[in-house]
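Everything below concerns the one structure shown next.
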Amino acid sequence: MKKVTLMIVVATMMTGLCSAQDTETTTYFGEKNGFEIDFPSDWGVSLVETKVMFAYNTTLIGVIGDTPGAVVQLRVTYPCKNPKSDMKSWLSIFEKGAKKSKDPKFLIHSQGEGSTPGGKEFSYVDYTYTLVGEDGQGTITRRKFYVTCNSIKGTRFSFAFFFETNEQDWDKFKTIYENIFNSVTYK
C-alpha cells in the first residue's frame with residue numbers, strides 16, 4: 001500500500017512539474033504593423049489596430065484576472081528614430097510626472113540597452129512609482145518599460161512595451177513578462 005501511495009504522490013508531483021514548465025500560450029498578430037507576440041493562454045488580451053492618417057497605430061492590452069494591477073501594454077506608433085532616443089523622451093515624461101505629483105516612491109532600479117532574441121535593439125527602464133486610483137488611493141507599482149523600433153514598408157515604428165504590477169507581486173510576474181517580451185517576432 002505504501003508503494004502505491006508513493007507512486008501516486010510522485011506521479012502527482014511530476015504532472016504538476018510538467019504543467020508548470022509547459023505553460024500554453026496564445027499568439028496575437030499585429031498584422032498592420034508586422035509583429036507577433038505570445039501570451040500565456042490564461043491572460044485576457046485585446047489588440048486594436050487603428051488607421052491614423054497614412055499609418056496604423058496598434059494598442060495591445062493583456063491582463064490576468066486573478067491579479068489586479070498585472071498589466072501588459074504595447075503601443076505601436078509612428079515614428080521611431082531609435083530605441084535610445086525614444087527612451088530618452090519617454091523617461092523625461094515619466095520623471096516629469098513623478099516630479100509634478102511629488103511621488104516619493106518614484107525610483108529607477110535599472111536602465112540600459114540590449115538585443116532581443118531576434119536581434120532587435122531595445123532600450124529599457126525598470127522603475128517604481130505610485131499609481132493613484134479613482135478612489136484617490138495610491139498603490140506602489142513596479143514597471144519595466146521597453147522600446148524597440150521596426151520598419152514596415154519603409155516606415156519606422158516605435159514599439160513601447162509596459163510591463164507592470166503591484167510592487168509586492170513583481171517577483172511573481174517578472175519572468176512571465178520577460179517571456180512575453182522575448183516572444184515578439186517582427187515581420
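A quick note: this is a predicted structure, and the numbers were derived from the prediction, not measured.
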Go through Ser41 and Thr26 one step at a time and tell me if the side-chain hydrogen bond (donor to acceptor under 3.5 Å, both in side chains) criterion holds. CA-CA 5 Å; Ser41 294; Thr26 301; 3.2 Å; yes

Measuring centre to centre across the rings, with the benzene-like ring taken for any Trp, is [X] within less than 6.0 Å of [Y]?
X      : Y      : result
Tyr127 : Tyr129 : yes
Phe29  : Phe35  : no
Phe162 : Phe145 : yes
Trp43  : Tyr28  : no

As an exercise, state the distance from [atom1] of [X] to [atom2] of [Y], rounded to the nearest 0.5 Å.
X      : Y      : atom1 : atom2 : value
Gln137 : Leu131 : CD    : CG    : 12.0 Å
Glu121 : Ser115 : CD    : OG    : 5.5 Å
Asp103 : Thr130 : CG    : OG1   : 3.5 Å
Lys153 : Lys32  : NZ    : NZ    : 7.5 Å
Ile180 : Thr175 : CD1   : OG1   : 11.0 Å
Lys84  : Ser123 : NZ    : OG    : 7.0 Å

Salt bridge flag under 4.0 Å for residues Asp126 and Arg142: yes

Salt-bridge criterion met for Lys187 and Glu36 (N-O under 4.0 Å): yes

Grab the two heavy atoms, one from [X] and one from [Y], that are nearest each other, plus how far apart they are.
X      : Y      : value
Pro79  : Asp86  : O-OD2, 4.1 Å
Glu164 : Tyr177 : O-OH, 2.7 Å
Val147 : Ser158 : CG1-OG, 4.0 Å
Gly62  : Phe39  : CA-CE2, 4.1 Å
Asn150 : Ile152 : ND2-CD1, 3.4 Å
Cys149 : Lys120 : O-CD, 3.5 Å

Quick one: do Leu107 and His109 satisfy side chain to side chain contact (heavy atoms under 4.5 Å, CB included)? Show the steps, please. CA-CA 6 Å; Leu107 173 67; His109 299 280; 3.7 Å; yes

Could you see if [X] belongs to whatever hydrophobic cluster contains [Y]? Use Ile, Leu, Val, Met, Phe, Trp, Tyr and a side-chain cutoff under 4.5 Å.
X      : Y      : answer
Ile176 : Val72  : yes
Phe163 : Val45  : yes
Phe122 : Trp90  : no
Trp170 : Phe161 : yes
Phe106 : Tyr124 : no

Closer than 3.5 angstrom, by distance alone: can the side chain of [X] be matched with the main-chain N or O of [Y] as a donor-acceptor pair?
X      : Y      : value
Glu167 : Thr128 : no
Asn82  : Ser85  : yes
Thr67  : Ala70  : no
Ser101 : Gly97  : yes

Do the non-hydrogen side-chain atoms of Thr165 and Thr141 ever get within less than 4.5 Å of each other? no

Going by heavy atoms in the side chains, are Lys174 and Lys144 under 4.5 Å from each other? no

What do the steps show when you test Val125 against Met87 for side chain to side chain contact (heavy atoms under 4.5 Å, CB included), and what is the final call? CA-CA 8 Å; Val125 61; Met87 179 58 71; 3.8 Å; yes

Determine whether the side chains of Asn33 and Thr58 contain a donor N or O and an acceptor N or O closer than 3.5 Å. yes

Do Asn57 and Thr50 have side-chain atoms, one donor and one acceptor, less than 3.5 Å apart? no

Residues in side chain to side chain donor-acceptor pair (under 3.5 Å) contact with Tyr186, at least two apart in sequence or another chain: Thr148

The criterion is side chain to side chain donor-acceptor pair (under 3.5 Å); which residues satisfy it with Thr185, sequence neighbours excluded? none

Apply the test side-chain hydrogen bond (donor to acceptor under 3.5 Å, both in side chains) to residues Thr27 and Asp38: give CA-CA distance (whole Å), side-chain angles for both, the deciding distance (0.1 Å), then the verdict. CA-CA 4 Å; Thr27 302; Asp38 294 335; 2.5 Å; yes

Please test Leu91 against Ile108 for side chain to side chain contact (heavy atoms under 4.5 Å, CB included), starting from the C-alpha separation and ending with a verdict. CA-CA 10 Å; Leu91 190 53; Ile108 295 176; 3.9 Å; yes

Check against side chain to side chain contact (heavy atoms under 4.5 Å, CB included), Phe159 and Leu74: CA-CA 7 Å; Phe159 286 69; Leu74 168 58; 4.1 Å; yes

Can Arg143 be said to sit on top of Phe94's aromatic six-ring, NZ or CZ under 6.0 Å from centre and within 45° of the ring axis? yes

